[in-house]
Amino acid sequence: MTKYLITSALPYINGIKHLGNLVGSMLPADVYARYLRQQGHEVLFICATDEHGTPAELAALDAGLPVAEFCRQQHEAQAGTYAGFKLSFDHFGRSSSPQNRELTQHFGHRLADNGYIEERVTKQVYSRADERFLPDRYVIGTCPHCGYAAARGDQCENCTRLLDPTQLINPRSALGGSEDIEFRDSRHLYLLQSRLAPRLRDWITSRTDWPTLTTSIALKWLNEGLEDRGITRDLDWGVPVDRDGFEGKVYYVWFDAPIEYIGATKEHSDARGLGDDWRSWWYDASDVRYVQFMAKDNVPFHTITFPATIMGSGEPWKVADYIKGFNWLNYYGGKFSTSRRHGVFMDSALEILPADYWRYFLIANAPESDDATFTWEHFAAQVNKDLADNLGNFVNRVLTFSRKRFGEQVPAGAEAGPPEQQLTDQLVTLLGEYQSCLDGLQFRKAAQTLRTIWSVANSYLELKSPWLEIREDPAAAQLTLRTAMNLIQLFALISEPIIPDAARTLRGIFDLGDADDLGDAGAAGSPWPALDDVRSLSWVAAGTPFTVPPVLFRKLTDEDIEAWRERFGAETAA
RNA sequence: GGGGCGGUAGCUCAGCCGGUUAGAGCAGAGGACUCAUAAUCCUUGGGUCGUGGGUUCGAGUCCCACCCGCCCUACCA
C-alpha cells in the first residue's frame with residue numbers, strides 16, 4: 001500500500017472560516033484522506049492555522065489581546081469547527097510552533113548557503129503614529145493616475161493600476177489615518193526565484209496530469225518571468241530571522257506558512273513520541289505520494305514560492321506530486337468574505353444543521369471547473385432529494401417494513417436470483433466508476449455516482465416490490481429485504497468519505513458482533529468493499545439483529561429557507 | 001493591460017484524443033405503487049451547444065476574431 005501525504009491549504013488565523021474556505025481545500029482533502037484510509041493506505045493528513053502576518057497582529061490589537069494569545073484562542077476556535085465538520089486531520093498544527101520556527105530558519109540558512117538569498121535595502125513605510133512598519137496595502141493615499149483618494153499602496157481599486165506606496169499623493173496610514181509616516185530604508189532578504197525558474201519550469205511541465213487550473217497559473221508566472229521575492233518583514237510577530245543585522249525582523253508569512261506543512265508533521269511526531277517519523281514523509285521520501293489541496297488564489301505559492309524554497313535548499317525534501325486547485329464558491333452578490341462577514345461561516349452552519357448536510361452539498365457542488373454559487377434554494381433542494389428522499393427514505397422504508405412483517409432480525413428467505421444478479425452487475429460497474437472519480441479527485445462526479453448507487457437501490461426495491469411479494473411468497477419478500485439491507489451496509493461503507501456521521505449511523509443498524517466502534521477523526525474507517533463483496537452482498541447474514549435508526553436526514557422546508565435567507569443576508573438577488 | 005476559467009435543455013452541470021438521431025439530475029407533464037421522511041419507480045416534452053468566420057467527408061468538440069460573466073495579477077492571505 002502506498003503512503004499518501006495529504007495537505008490542505010492552511011486557513012488563516014483571522015476569524016472563523018466560511019463555507020468557501022471549507023469546500024476549496026479542507027473538505028475535499030478530507031474526503032480523499034478518508035477514502036484512502038478505508039482502502040488501507042497509510043495516510044497522513046495535515047493542516048494547520050497560518051498565524052503570522054499583519055492582519056493577525058491588527059486583529060489581536062482590535063481584540064485587545066497579545067497576538068500570541070489571540071492566535072491561541074483563534075486556533076482553538078477553528079479546531080473546534082473543523083472537528084464539528086468531522087475533518088479527519090491527523091494533525092492540526094500552528095505555523096507559530098517551535099517546530100516551524102526551526103524548519104523555517106533551517107530553510108533560510110540552506111537557501112543562503114546555496115546562494116539563493118540576497119540582502120537588499122528597500123524603502124519601507126513606517127507609521128510613527130502606529131509605531132510600526134506598514135505593508136503596502138495598509139498605506140492609503142491619492143492615486144497618481146486617476147486621482148482616486150482612497151487608493152491602497154499596492155493597487156488602486158478605482159483604476160486597478162498597480163502602485164508603489166511611494167507613488168501615493170498624501171500617503172497616510174490605513175490604520176489610524178495618520179499622515180505622520182515616513183519611508184525608511186530597511187534591509188531585507190530576497191529569495192532569488194529567478195535563478196530557480198528553469199528548475200521550476202521543468203518540474204511544472206513534467207506534471208502532465210495536473211488540472212489546467214493549476215499548471216496554467218504556474219506557467220503564467222514563469223512566462224512573465226519570476227521576480228525575486230522579499231521574504232522578510234519589519235514585524236514583531238513571526239519567525240525571527242536568525243542572521244546578523246536582522247534583529248527585530250521576521251520571515252514573511254508566505255515563506256513560513258507552507259513550511260508549516262512540514263512543521264506540522266514534526267509537531268505530529270513530537271506529540272506522539274514518534275521520533276523521526278516525520279522525516280519519512282518528507283525527506284528522501286520517494287515512496288510517498290504527496291497531494292495538495294487549495295483554492296486558486298493559493299496556487300502561485302504552491303507551484304512557485306514553496307517549491308523554489310525546497311529546490312533551493314539543495315536537500316531532498318518532498319515536493320507535491322499532485323496539486324488539486326479549486327475555484328471560488330460565491331454567495332449572493334459576491335464572494336464569501338471573512339473581513340466583510342459575507343456568507344455562511346462554519347460555526348453558524350453547524351448551528352443550523354449537522355455536518356453531513358453541508359459536506360454532501362459542498363462536495364456535490366465543488367467549484368472544480370468554474371466558480372459556483374451557493375443558494376439556499378439549491379442547497380435545500382439537493383439535500384431533500386438526495387439525502388432525505390433517496391438515501392434516508394430507502395433506509396427507513398426497508399427497515400420499518402421488514403421489522404413490521406418479520407421482526408427485528410434480518411430475514412432469511414430465498415436464494416438470490418436473476419434480479420439480484422442484475423443488481424450486483426450494476427453496482428459493480430457503478431462502484432468502479434465511483435472509485436475512479438475518487439482516485440481522480442473528481443468530487444462532483446463522485447457525489448453524482450454515489451447518488452446513482454442510492455437510486456439503483458430504490459429501483460431494485462420497486463422492481464421486486466416486497467409489499468406485493470409477501471402476499472404470495474414470503475420467502476421472496478425476505479430475499480428482497482435481506483438484499484436491501486445489504487445495500488444499506490454497502491451505503492455505510494462507501495458513503496463514509498463524504499457523509500461520515502450518517503455512515504456511522506448506518507453501520508450501527510446491524511449488530512454484526514464485531515464491536516464495530518470505529519472512531520471518527522483519524523481512525524482508519526470501515527474497510528472499503530471489494531468488488532467480490534458487492535457481488536455476493538453478504539455482509540449482513542440472515543438472523544442478524546437490527547434496529548431502526550431515527551430519520552437520517554430531515555427535509556428542509558420553505559420556512560427553513562426563509563429563515564436562513566434572513567439570518568445570513570441573502571436578500572440580495574444573485 | 002496581461003493571464004486563466006466559463007458561456008450546452010427553465011435551473012445546476014456531464015460531454016476524453018472531432019464521428020451514428022447532443023446526455024444526467026432537478027424542475028414540468030403523464031402513469032404505476034402504497035413498504036416509506038406525500039417518499040419511490042416507470043414513461044415523457046424541452047436545446048439553431050454565446051456570436052461570426054475557417055479547417056474537415058464530418059465540429060459542442062480543432063483554429064481565428066469578437067461578445068458576455070467570473071477570477072488571478074507577486075506587500076490581504
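Every chain is numbered from 1 and lettered A, B, ... according to where its sequence line falls, protein lines coming before strand lines. Heavy-atom basis, side chains included; hydrogens, waters and symmetry copies ignored.
Note: A/Y332 and A/H342 fail the aromatic proximity criterion, with ring centroids not under 6.0 Å apart. Aromatic rings from A/F361 and A/H378 are positioned such that their centres are separated by under 6.0 Å.
Ring geometry, A/F379 versus A/F374: the interplanar angle falls from 30° to 60°, so the pair is classed tilted.
The CH2-P distance, from A/W467 to B/C33, rounds to 12 Å in whole Å.
For A/E57, the salt bridge (Lys or Arg N to Asp or Glu O under 4.0 Å) criterion is met by A/R132, not counting sequence neighbours. Remark: A/Q442 pairs with A/K324, A/C437, A/K445 by the side chain to side chain contact (heavy atoms under 4.5 Å, CB included) rule, at least two apart or across chains. Not counting sequence neighbours, A/R199 has no partner by the side-chain hydrogen bond (donor to acceptor under 3.5 Å, both in side chains) test. For A/D154, the side chain to side chain contact (heavy atoms under 4.5 Å, CB included) partners at least two apart in sequence or on another chain are A/D136, A/R137, A/R152. When the side-chain hydrogen bond (donor to acceptor under 3.5 Å, both in side chains) test is applied to A/E51, the partners found at least two apart in sequence or on another chain are A/T49, A/R94, A/S96. With sequence neighbours left out, A/Y360 forms a side-chain hydrogen bond (donor to acceptor under 3.5 Å, both in side chains) with A/D386. Remark: A/K123 engages A/D185 in a salt bridge (Lys or Arg N to Asp or Glu O under 4.0 Å) (not counting sequence neighbours).
Of all nucleotides listed (B/G2, B/C13, B/A77), B/C13 comes nearest to the side chain of A/R444. Comparing B/A74, B/C75, B/U12 against the side chain of A/R233 picks out B/C75 as the nearest.
Each of A/D136 and A/W328 was matched to the nucleotide of RNA chain B holding its nearest heavy atom; the match closer to the 5' end belongs to A/W328. Looking at which nucleotide of RNA chain B each of A/L391 and A/D50 is closest to, the 5′-most match is held by A/L391.
A/N21 places no side-chain N or O within 3.5 Å of a backbone atom of A/K17 that could act as its donor or acceptor partner.
At a threshold of 4.0 angstrom between heavy atoms, the contacts of A/P55 are confined to the sugar-phosphate backbone, with no base atom among them. No contact: A/V395 has no heavy atom under 4.0 Å from any strand. A/I470 comes within contact range of no nucleotide atom at all, as no heavy-atom separation falls under 4.0 Å. A/G225 comes within contact range of at least one nucleobase, with a heavy-atom separation under 4.0 Å. Nucleic acid contact for A/E469: none, since no nucleic acid atom lies under 4.0 Å from a heavy atom of the residue.
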*Which is it for A/R120 and A/E118 under the salt bridge (charged side-chain N to carboxylate O under 4.0 Å, His left out) test, yes or no, and what are the steps along the way?*
CA-CA 6 Å; A/R120 293 182 188 174; A/E118 191 174 284; 2.9 Å; yes
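When the C1' atom is compared between B/G4 and B/C49, the two are found 22 Å apart, to the nearest whole Å. Rounded to a whole angstrom, the distance from the P atom of B/G54 to that of B/A59 is 12 Å. Nucleotides B/C75 and B/G6 place their C1' atoms 30 Å apart, quoted to the nearest Å.
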Between the protein and nucleotides 38-40 of chain B, list the N/O to N/O atom pairs that are separated by less than 3.5 angstrom.
{"from": "B/A39", "atom 1": "OP1", "to": "A/K555", "atom 2": "NZ", "distance (Å)": "3.2"}
{"from": "B/A39", "atom 1": "O5'", "to": "A/K555", "atom 2": "NZ", "distance (Å)": "3.0"}
{"from": "B/A39", "atom 1": "O2'", "to": "A/D389", "atom 2": "O", "distance (Å)": "3.2"}
{"from": "B/A39", "atom 1": "O2'", "to": "A/N393", "atom 2": "ND2", "distance (Å)": "2.4"}
{"from": "B/U40", "atom 1": "OP1", "to": "A/K385", "atom 2": "NZ", "distance (Å)": "3.0"}
{"from": "B/U40", "atom 1": "OP2", "to": "A/K385", "atom 2": "NZ", "distance (Å)": "3.1"}
{"from": "B/U40", "atom 1": "O2'", "to": "A/R397", "atom 2": "NH1", "distance (Å)": "3.2"}
{"from": "B/U40", "atom 1": "O2'", "to": "A/E462", "atom 2": "OE2", "distance (Å)": "3.1"}
{"from": "B/U40", "atom 1": "O2", "to": "A/E462", "atom 2": "OE2", "distance (Å)": "3.0"}

List, with names and distances, any nitrogen or oxygen atoms from the protein found under 3.5 Å away from nitrogen or oxygen atoms belonging to nucleotides 4-11 of chain B.
{"from": "B/C5", "atom 1": "O2'", "to": "A/S369", "atom 2": "O", "distance (Å)": "2.5"}
{"from": "B/G6", "atom 1": "O2'", "to": "A/D370", "atom 2": "OD2", "distance (Å)": "3.0"}

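Among the duplex regions that RNA chain B forms, those built from at least three successive Watson-Crick or G-U pairs under 3.5 Å are B:1-7 with B:67-73, B:10-13 with B:23-26, B:28-32 with B:40-44, B:50-54 with B:62-66, ordered by first number.
Sorted pairs that involve residues 398-410 of chain A and meet side-chain hydrogen bond (donor to acceptor under 3.5 Å, both in side chains), not counting sequence neighbours, are lacking altogether.
Contacts with RNA chain B (heavy atom under 4.0 Å) in residues 399-410 of chain A: A/T400, A/F401, A/K404, listed by number.
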